[in-house]
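Naming: A, B, ... by sequence-line order, numbering from 1 per chain.
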Number of protein chains: 2
Amino acid sequence: MQPKSHLDNYFKSAFTVDNVIFGFDEGELKVLLIRRSEEPYDNYWALPGYFVRQNEDLDEAAQRVLWETTGLQNVYLEQLRTFGAPARHAFGRVITVAYYSLVKIADFTPRADGLSREVAWHNLQEVGELAFDHARILETAIAHLQQSIRNRPVGFELLPPEFTLTELQHLYEAIWGTELEKRNFRKKILSMQLIIPLDRMQQGVSHRPARLYRFDEARYRALTQQGFNFEVRG
Amino acid sequence: MQPKSHLDNYFKSAFTVDNVIFGFDEGELKVLLIRRSEEPYDNYWALPGYFVRQNEDLDEAAQRVLWETTGLQNVYLEQLRTFGAPARHAFGRVITVAYYSLVKIADFTPRADGLSREVAWHNLQEVGELAFDHARILETAIAHLQQSIRNRPVGFELLPPEFTLTELQHLYEAIWGTELEKRNFRKKILSMQLIIPLDRMQQGVSHRPARLYRFDEARYRALTQQGFNFEVRG
DNA sequence: ACAAAAGTGTTTAATGTACACCCATGG
DNA sequence: CCATGGGTGTACATTAAACACTTTTGT
């Protein structure tokens, strides 16, 4: 590093990452929030996030901070957008890079950690006031998710490796807040030939067990490069 | 401001904005680059960008910096993505918020300003080595543009207020690098009822003058809120 | 045998695709 | 009167949308 004096004034900012973790469980779309244990906004519900360290890449930081605030690990995170209004943080200039993700709640047991008093899944409708500009970040994330699931198979990256068609359908329904027609949904999804039927079946349900499928990632990459457009409509 | 000592270490970063300005002229898609007049990467071609001031919002900064480096003003800019690899800047930790835009080249006369030696439009194919990670930022912007023009009427926000259908079609063709069928393109665009035919015609062309249209922004907002999906295919 | 969700096919409507000619203007 | 791009309609193929019943399993 060889700082130049006329630039010194610029090296006085901090930046954070904030994670919007959508959880999908029993057909419900939820968001993971922490209750803060630090000023400012001590005790408020907030998105799990914290400062990025000097030698850390943004994606890494998002992973680490999520781990430190909620105990969640190895979550697929995607950068959403950066929020940087000058007065958004009381302690100085802090811009935040927002990430978002969608995980299957059953796979994760979040717990409060050093940087939070409490961690909980909240129904999207029941989110009250949030710290900082987190309400706006959350809105942006919801809008982005609804858009992006339309044209890219986001769902597959976020569902468990093996899933049933009904689970996949419920995911779309939860995100869009609409109902889809079972036969048409299946026809459309299967016609893309992007998911592979497995020999395994659902276990331990008290009705006819559904077939499990997995996403054909190799084929998806190949098709995408040829200009293929994955598209599911609401 | 009431800085807390245990957080002081975090307030040592700087952030910049970098603008990917796509220009559209005579059916060609180009990108606006500056030749830097400062270390690091003195003399290299780069995206127009600079440090964000302490009391400036990000969107504002993008506008200002574009003005200072190229003389361009009132350009529609949209946030693209933030790049923050720890070693991407030699003088310290600098993350950059990338913006992108598409302007009609004829409307703007960029000129070198205080922060650049030279400003020029480059064909996308003829961009050589760039400063910092700007090549990667440019790639990301291209991919994003190709995607986003599919589902949102980005073109309208970026074309001049009055345009012909052929201009609109050329825009799509330039971005996707494909040819579109004239009749079908028109049918599709007109069937959305999102553009309004004007009484005015093109002037000073040595062939039948084309009708001018303008985008119906109010109707677009109304439809979008009802879940309407603008879609044009390549 | 019943409850509960899985799974499947066909008809109709809407949309996309391919294609060729006349029109208005300037030079 | 010629060159140039503007503008249009129709037939055919593909895709979306609507809709009801049979199958498999656990209890």
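Rounded to whole Å, the distance from CD on A:Glu181 to P on D:dA16 is 14 Å. The distance between atom NZ of A:Lys187 and atom P of D:dT14, rounded to the nearest whole Å, is 17 Å. Rounding to whole angstrom units, CG of residue B:Leu180 and P of C:dG16 are separated by 13 Å. The CG atom of A:Asn184 sits 14 Å away from the P atom of C:dG9 (whole-angstrom rounding). For A:Arg186 and C:dG9, the CZ to C1' distance is 14 Å, given to the nearest whole Å. The distance between atom CD1 of A:Ile189 and atom C1' of C:dG7, rounded to the nearest whole Å, is 16 Å. Between A:Gln169 atom CD and C:dG7 atom P the separation is 12 Å, expressed in whole Å. Taking atom CE of residue B:Met201 and atom P of nucleotide C:dT25, one finds them 8 Å apart after rounding to whole Å.
The side chain of A:Arg211 lies closest to C:dG7 when the candidates are C:dG7, D:dA17, C:dC23. Side chain of A:Ser206, nearest nucleotide from D:dG26, C:dG7, D:dG6: D:dG26. Here the nucleotide nearest the side chain of B:Lys188, chosen from C:dT25, C:dG7, C:dG16, is C:dG16.
Under the 4.5 Å side-chain criterion, counting only non-hydrogen atoms from C-beta, B:Tyr220 is not in contact with B:Ile195. A heavy-atom distance below 4.5 Å is found between the side chains of B:Leu32 and B:Trp121.
No hydrogens or angles were tested; on distance alone, nothing pairs the side chain of B:Lys182 with the base of C:dT17 as donor and acceptor under 3.5 Å. In this model, no side-chain donor or acceptor of A:Arg183 finds a partner on the base of D:dA16 within 3.5 Å.
Using modelled atom types, one side-chain atom of A:His134 and one backbone atom of A:Leu47 make a donor-acceptor pair closer than 3.5 Å.
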Exercise for review: Show your reasoning for whether side-chain contact (heavy atoms from CB on, under 4.5 Å) applies to B:Leu165 and B:Gln169.
Suggested key: CA-CA 6 Å; B:Leu165 291 179; B:Gln169 181 179 339; over 6 Å; no
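A close approach under 4.0 Å does not occur between any side-chain nitrogen or oxygen of B:Thr166 and OP1 or OP2 of D:dG5.
Each of A:Ser191 and A:His207 was assigned the nucleotide of DNA chain D with the nearest heavy atom; the assignment lying further toward the 5' end belongs to A:Ser191.
Salt-bridge annotation for A:Arg64 and A:Glu60: absent, with no side-chain N of the basic residue lying under 4.0 Å from a carboxylate O of the acidic one.
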